[in-house]
Amino acid sequence: MVAAIEAIADVIFENKQFLTDLDQAIGDGDHGINMARGFEAVRTKLSTAPPAADIGAMLKTVGMTLISTVGGAAGPLYGTAFMRAAAAGQGKNSLDGETALQMLAAAITGIKERGKATRGEKTMLDALEPAYDAFAQGLSENKSLLDCLELARDAAGAGVEYTKTIIATKGRASYLGERSLGHQDPGATSSHLMLAALLAYGRSQHQGV
Amino acid sequence: MVAAIEAIADVIFENKQFLTDLDQAIGDGDHGINMARGFEAVRTKLSTAPPAADIGAMLKTVGMTLISTVGGAAGPLYGTAFMRAAAAGQGKNSLDGETALQMLAAAITGIKERGKATRGEKTMLDALEPAYDAFAQGLSENKSLLDCLELARDAAGAGVEYTKTIIATKGRASYLGERSLGHQDPGATSSHLMLAALLAYGRSQHQGV
Amino acid sequence: MKKVLNVPDQVVEEMLQGAVAAHPQYVRRVEGFDVLVRANSPVKGKVGLVSGGGSGHEPSHAGFVGRGMLDGAVAGAVFTSPTPDQVYEAVKAVNGGKGVLLVIKNYTGDVMNFEMAAEMAGADNIAVEKVVVNDDVAVENSTWTTGRRGIAGTVFVHKIAGAKAETGAELAEVKRVAEKVIANVRSMGMALAPCTVPAAGKPSFVLAEDEMEIGMGIHGEPGTHRESIRTADEITEHLLNKVLGDMTLAKGDEVAVMVNGLGATPLMELYVVNRKVAEMLGGKGLKTVKTFIGNYMTSLEMAGFSVTVLKLDAELKELLLAPADTPALVQF
Amino acid sequence: MKKVLNVPDQVVEEMLQGAVAAHPQYVRRVEGFDVLVRANSPVKGKVGLVSGGGSGHEPSHAGFVGRGMLDGAVAGAVFTSPTPDQVYEAVKAVNGGKGVLLVIKNYTGDVMNFEMAAEMAGADNIAVEKVVVNDDVAVENSTWTTGRRGIAGTVFVHKIAGAKAETGAELAEVKRVAEKVIANVRSMGMALAPCTVPAAGKPSFVLAEDEMEIGMGIHGEPGTHRESIRTADEITEHLLNKVLGDMTLAKGDEVAVMVNGLGATPLMELYVVNRKVAEMLGGKGLKTVKTFIGNYMTSLEMAGFSVTVLKLDAELKELLLAPADTPALVQF
Ligand SMILES: Nc1ncnc2c1ncn2[C@@H]1O[C@H](COP(=O)(O)OP(=O)(O)O)[C@@H](O)[C@H]1O
Ligand SMILES: Nc1ncnc2c1ncn2[C@@H]1O[C@H](COP(=O)(O)OP(=O)(O)O)[C@@H](O)[C@H]1O
Ligand SMILES: [Mg+2]
Ligand SMILES: [Mg+2]
Ligand SMILES: [Mg+2]
Ligand SMILES: [Mg+2]
């Protein structure tokens with residue numbers, strides 16, 4: 001599982017400039033820098049502390065590290081998301097589809113409580129909530145964990161596209177009013193990227209076995 | 001005589017940018033601006049106050065106006081020069097060569113007393129002292145006032161060229177040390193321009209008569 | 001990017017070290033954190049005032065730590081809200097037993113991070129209250145936005161709530177006064193040229209040689225619109241009218257004014273602006289009790305300025321004029 | 001030229017109007033002249049202190065008019081020494097019967113214009129003395145130059161001679177103390193980016209994107225050399241070594257420090273510089289009694305900074321730490 005987090009960290013590092021550029025267009029141009037700083041700290045933490053087999057314990061470390069290193073809006077939101085996911089995954093050493101869905105639900109609830117946003121306000125929720133729906137749909141059709149994740153990733157990607165068509169009413173981009181139209185949301189983008197990285201990591205493991 | 005001063009003012013206005021650019025290279029880029037501000041004030045003064053027939057009185061007005069409007073190094077220097085020339089020209093209604101030479105001598109003495117510079121330090125003196133010498137030479141050869149002035153103007157022009165070959169040891173350009181080489185001195189240039197304007201004015205009057 | 005810098009990533013750390021070295025009589029570092037508190041913190045029997053936010057707004061906020069103003073300032077990464085653990089440390093370090101007031105500029109990230117810190121401090125049984133400053137009239141305060149942003153008016157909150165806390169007032173009283181300032185202060189800014197976040201390495205936006213941005217935010221957030229540069233008087237008139245348009249002021253009312261430079265705009269230009277501000281306020285029969293002019297809430301080396309007007313009553317006036325002794329604001 | 005301006009030619013006039021509007025408690029205008037004096041000038045029984053120079057160095061010099069510092073400041077055109085009649089008016093306005101000390105920065109124009117003013121005041125039987133500040137070690141003090149330039153160290157002269165005058169000391173005594181400061185203060189600066197004189201409309205010099213000028217003068221006069229930008233620590237080390245190299249300091253000596261911004265350099269960067277300054281001075285066993293950090297002697301919107309060190313003795317230290325109450329420098 002540490003490797004999965006590392007895959008997430010890598011995709012953030014690779015897209016540091018991209019996320020920053022997106023944020024420069026409709027925010028303050030630091031999303032990539034903030035996220036990269038956070039996952040840099042996460043990587044250091046996980047490589048120095050003995051990696052816990054317990055998924056919950058590990059995600060808690062990730063969440064707390066993000067909270068204390070990312071700052072801005074994304075820090076408390078993603079930090080809370082990982083903390084809540086950690087609680088849902090406590091005591092587990094491996095993931096099944098149902099647990100994964102619960103963790104995603106807990107993460108989203110955390111983000112909504114902390115940020116008081118709902119779907120359609122041009123935030124990370126516009127990637128994450130569709131992702132949750134798609135994952136749940138896949139699971140109800142008895143699809144595999146990775147297939148569900150693939151559906152989630154694609155839904156998140158569509159959500160990112162959708163953010164281009166709406167006006168931001170939460171976060172820094174809301175100051176722009178109509179001028180936020182046409183731009184994709186940086187937080188939705190980072191959410192999509194993380195799901196994509198998780199999927200790619202899962203597929204690579206599966207092939208390897 | 002007011003028209004002569006206006007001719008000087010015009011040449012300063014025309015060369016405001018040029019003198020400023022020269023000063024930008026080796027000083028602080030304000031010589032043209034300062035001189036133009038001063039002669040603007042002179043022009044206003046002479047057009048509002050009844051122009052005195054007495055050359056001395058008129059030059060005193062010019063000097064005092066320059067002192068109180070030009071500022072920087074050129075203000076006190078040119079101001080003093082006109083004040084001293086005024087004293088030498090007091091009571092005269094027209095100029096002969098001898099008086100003109102005395103006025104030039106007085107002006108130069110004033111500049112030297114005020115600025116404590118001597119020839120060869122890359123200042124206006126490198127235009128004015130050769131001009132004086134040439135004027136005196138012409139006069140000793142019984143040349144006309146305007147011919148003497150032409151010699152003076154040419155000597156001043158040669159003096160300007162000479163300033164390119166020497167290192168400044170007075171004024172702001174002295175901070176540059178060797179790097180002032182190759183640049184002509186703005187103050188020497190403005191002195192040369194004023195002599196040239198005087199000459200052109202004199203010639204035009206002479207032709208008109 | 002032309003800056004006097006060592007490692008971009010270390011700029012906040014090095015700035016804090018330099019600030020402590022410059023002002024040891026005023027501030028000390030909370031060991032291990034990006035937090036500066038008064039040299040004599042905690043002040044017993046006094047409500048503690050903590051503010052902070054992303055770095056890059058210097059002298060805000062650490063420059064206002066000292067007698068009569070803040071007790072602690074938390075420095076986030078450049079233009080990025082500090083994290084909750086940092087704010088929490090500041091709260092602990094300044095709590096003199098009467099609780100702590102958090103002065104937050106209204107940005108989603110700042111509000112969330114400071115709220116999380118308040119929850120952490122609450123778990124320690126430290127009484128913590130918060131106020132959120134939202135003085136920037138460039139942003140509409142509607143349900144369609146996260147609300148107006150907090151900009152230079154924040155300094156008036158520091159000054160006046162700080163003076164109130166210095167009297168020994170209770171937390172609720174200090175909070176009430178802070179909220180009164182917030183209710184009565186409005187600002188608006190403009191930018192002529194952008195700034196560069198060191199870690200980003202390139203300007204946060206681009207303006208043409210003859211263009212300016214009206215309503216600019218202090219993190220480079222876009223303003224209301226762009227247009228060709230106009231005269232100082234025209235720009236000032238536009239900004240001040242927007243500011244006054246959002247306030248209820250009557251002839252004879254007393255106000256305080258701040259003409260704030262964003263970083264690269266020389267004091268000369270701020271004075272030219274203030275000439276027009278004074279003329280307009282005087283023309284409306286308003287009495288300016290005090291004018292602050294200079295760099296108070298900056299945006300790195302952004303060129304531009306903001307104008308702030310605070311409506312005073314007897315209470316706010318007295319607290320505004322009370323003594324202060326901090327690195328960036330001293331008054332007898 | 002991106003500036004907040006009305007008419008370039010009127011910038012000094014409008015600035016002075018804006019300054020008087022901002023600081024009526026401190027300064028008033030001498031009617032008809034570009035001169036600001038203390039609101040309560042002339043102060044009877046006190047030596048008057050007058051400084052000034054070209055405009056564009058704000059807050060120098062008018063920002064230092066007030067109790068404990070200057071009595072009057074004369075504003076020339078931008079970067080151009082004021083004329084003698086203006087200085088003369090300042091002298092008359094501040095003369096409280098004990099004479100007037102002129103504090104002049106060492107530039108040919110400034111020296112000549114102030115000297116002419118002194119002659120005019122002398123004709124009125126006002127006792128006038130002058131001191132000429134020449135702290136800039138970038139310029140060699142040889143017979144081949146007009147001598148070192150006066151830059152940010154001038155503010156220390158204002159502060160200390162001003163405090164001395166406030167004690168009621170005689171003109172000769174105030175002059176002696178001013179000269180002691182001048183003998184013990186050294187500075188050097190650098191620039192990353194030029195400034196534009198409003199009336200000129202274009203930058204006073206050009207630097208490449210990766211270039212800096214070491215030893216820059218405050219009017220854009222070229223410095224010792226240009227080179228590629230180095231780190232803040234390297235630049236600071238170079239400047240401070242030049243400054244200290246021209247002073248005689250022993251372990252245990254007390255100093256005051258000024259890290260001065262030229263206009264467009266943010267406080268953040270000045271703090272990064274001060275970190276290195278403090279480290280170097282500490283490493284030499286010098287004791288920094290007080291650090292001034294911010295924009296004191298600017299050069300319009302030039303980017304860059306200067307470092308000033310003043311060696312203190314008991315007398316200078318006491319006067320440095322004495323109270324001051326001016327628009328730009330207040331201390332208890
Ligand atoms: N209230 C909110 N709820 C959910 N997500 C939000 C909220 N506000 C902002 N965000 C997300 O945070 C992202 C910006 O993060 P970041 O740039 O790191 O923080 P900041 O805006 O403080 O600079 C936005 O793109 C958006 O997706
Ligand atoms: N000591 C001096 N004696 C004679 N001329 C001088 C002296 N110092 C400077 N100058 C002249 O003054 C000119 C500069 O004038 P200006 O730019 O108006 O003043 P500033 O140097 O104060 O900006 C120089 O080019 C030089 O000719
Ligand atoms: Mg952002
Ligand atoms: Mg010049
Ligand atoms: Mg941010
Ligand atoms: Mg000049």
Side-chain angles (χ1 to χ4, degrees), chain B residues 16-17 19-21 23-38 40-41 63-80 83 110-111 113-117 121-124 166-180 183 187, chain D residues 8-9 33-34 53-56 74 76-88 107-117 120 136 138-140 142-149 194-206 215 217-225 299:
Chain B
K16 180 178 173 183
Q17 189 62 50
L19 293 171
T20 298
D21 289 348
D23 196 32
Q24 205 142 67
I26 56 169
D28 59 351
D30 62 2
H31 187 57
I33 298 168
N34 296 346
M35 294 295 287
R37 183 176 52 242
E40 193 70 66
M64 282 176 55
T65 305
L66 293 181
I67 286 174
S68 65
T69 55
V70 176
L77 293 169
Y78 278 126
T80 302
M83 297 282 280
I111 290 171
E113 282 177 18
R114 185 55 67 199
K116 298 179 185 72
E121 301 205 85
K122 196 165 182 144
T123 72
M124 52 180 68
I166 56 175
I167 294 176
T169 52
K170 278 286 177 322
R172 231 172 263 278
S174 71
Y175 306 135
L176 280 174
E178 305 224 324
R179 283 181 294 164
S180 69
H183 296 279
Chain D
D9 280 355
F33 292 88
D34 295 344
S55 293
V74 193
V78 177
F79 289 0
T80 300
S81 161
T83 57
D85 52 319
Q86 302 275 343
V87 179
Y88 171 56
Y107 299 95
T108 306
D110 290 63
V111 172
M112 289 192 296
N113 283 289
F114 276 76
E115 272 175 357
M116 288 174 84
M120 291 160 82
D136 186 355
V139 175
E140 262 180 87
S142 75
T143 46
W144 301 105
T145 68
T146 46
R148 290 192 313 248
R149 303 179 287 224
C195 59
T196 298
V197 173
K202 57 180 189 178
S204 50
F205 55 94
V206 179
I218 56 170
H219 308 90
E221 303 98 338
T224 57
H225 65 284
S299 201

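Order of the sequence lines sets the chain letters (A, B, ...), proteins ahead of strands, with each chain counted from 1. Source: prediction; values computed, not measured.
- In the model, B/Asn34 has a side-chain atom that pairs as donor or acceptor with a side-chain atom of D/Thr80 under 3.5 Å.
- With a 4.5 angstrom heavy-atom cutoff, B/Asp21 touches chain D only via side-chain atoms.
- Between chain D and the residues B/Gly32, B/Ser68, B/Ala73, B/Gly171, the most heavy-atom pairs under 4.5 angstrom are made by B/Ser68.
- The contact between B/Thr69 and chain D is made entirely by backbone atoms, counting heavy-atom distances below 4.5 Å.
- By the neighbour-count criterion of 12 heavy atoms within 6.0 Å, atom CE of B/Met64 is sparsely surrounded, having that number or fewer from other residues, nucleotides or ligands.
- Between the side chains of D/His219 and B/Arg172, at least one donor N or O sits under 3.5 Å from an acceptor N or O.
- Contact of the D/Thr108 side chain with the B/Lys170 side chain is not registered, since no non-hydrogen atoms from C-beta on lie closer than 4.5 Å.
- Contact annotation for D/Asn113: both backbone and side-chain heavy atoms come within less than 4.5 Å of a heavy atom of chain B.
- Judged purely by atom type and a 3.5 angstrom limit, B/Ser174 uses its side chain to pair as donor or acceptor with the backbone of D/Thr146.
- Residue D/Pro203 touches chain B through its backbone alone, counting heavy-atom pairs closer than 4.5 Å.
- Contact count versus chain D (heavy atoms, under 4.5 Å) is highest, among B/Gly29, B/Gly27, B/Pro76, for B/Pro76.
- Using a 4.5 Å cut-off between heavy atoms, B/Ile33 touches chain D through its side chain atoms alone.
- Residues D/Met116 and B/Arg114 are in side-chain contact: their nearest non-hydrogen atoms beyond the backbone lie under 4.5 Å apart.
- Looking at B/Lys16, there are no atoms closer than 4.5 Å to chain D (heavy atoms on both sides), in backbone or side chain.
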